[in-house]
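Take a look at this one; I'll ask things after.
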Amino acid sequence: MSFDVPDDLRYRESHEWIDPETGRVGISEFAQDELGDVVFVELPSEGDAVAAGAEFGVVESIKAVSDLYAPVSGDVVAVNEALFDAPELVNEDPFGDGWMLELEIDEGDLDDLLSADEYRDQIA
C-alpha cells in the first residue's frame, strides 16, 4: 500500500510530522492507518511548552493507545480543538483537518528530522 508523504513536511521516526512554514504538527497517513479508527486525542494546552522528542499527548484508537512525540521544541500557539469532538478527523484528513497543534519553533530543530524521502524509505 502506498501512503501520502507530502514533500514540504518534516517527519519523526515515530510518525509525527511538522510543517516548517506554519509549525503545524500531526501524525502521518501511515500512522493513522496503523492505529485504526481514532476515538480520542489528548493534547497540551495553548501556551504550554514542548521539548523535541518528549511526549506531548496521546492518541487512542480501537486498537491501541499511543503517545505523541514533539518533532521540535517550542511553545504551543494553537490546538485543534475540533479533534476533541471529532477525533476521526485524524483518520479522514491527517495532513489537513486532522492536524493536532501549532508550535512556535526554532528552525534549528528541523535539522534532526527526516525528509519526505527518508520517511518514505522508513515506511516502505
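Being a predicted model, the structure only gives us computed values, none of them experimental.
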message = Let me confirm one number: the CD1-CD distance from I123 to E13, rounded to the nearest 0.5 Å.
response = 12.5 Å

query = Can you check whether L103 reaches D75 side chain to side chain, under 4.5 Å on heavy atoms?
reply =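 L103 does not reach D75 side chain to side chain.
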
ask   = In terms of side-chain geometry, is the basic nitrogen of R120 or D7 positioned less than 4.0 Å from the acidic oxygen of its partner?
value = yes

query = Side-chain contact, heavy-atom cut-off 4.5 Å: M100 with N80?
reply = no

key: Spacing of CG belonging to L9 relative to CD belonging to E16, to within rounding of 0.5 Å   =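 Taking CG in L9 and CD in E16, the distance rounds to 13.0 Å.
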
key: Rounded distance [0.5 Å steps], CH2 in W99 versus CG in L83   =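 If we round to the nearest 0.5 Å, W99:CH2 and L83:CG are 8.0 Å apart.
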
task = Please work out which of the three classes, parallel, tilted or perpendicular, describes the rings of F3 and F30, given edges at 30° and 60°.
result = perpendicular

ask   = With side chains defined as the heavy atoms from C-beta onward, is the minimum distance between H15 and Q122 less than 4.5 Å?
value = yes

ask   = Closest heavy-atom contact between D48 and P44?
value = OD2-CB, 3.6 Å

key: Flag side-chain contact, heavy atom, 4.5 Å: D8 against E21   = no

request  = Look up atom CG in D67 and atom CD in E55, then write down how far apart they are to the nearest 0.5 Å.
outcome  =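 Rounded to the nearest 0.5 Å, the CG-CD separation comes to 3.5 Å.
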
query = Is any side-chain heavy atom of D121 closer than 4.5 Å to a side-chain heavy atom of E118?
reply = no

Validation row: V76, F56 side chains within 4.5 angstrom (heavy atoms) = no

request  = With rounding to the nearest 0.5 Å, note down the distance linking CD in Q32 to CZ in F95.
outcome  =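 The distance works out to 8.5 Å.
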
request  = Report yes if some heavy atom in the side chain of L43 is under 4.5 Å from a heavy atom in the side chain of F84; otherwise report no.
outcome  =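 Answer yes - side chains close enough.
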
key: Close side-chain approach of K63 to L35, heavy-atom, < 4.5 Å   = no

request  = Measure the acute angle between the ring planes of Y119 and Y11, then classify it against the limits of 30° and 60° as parallel, tilted or perpendicular.
outcome  = parallel

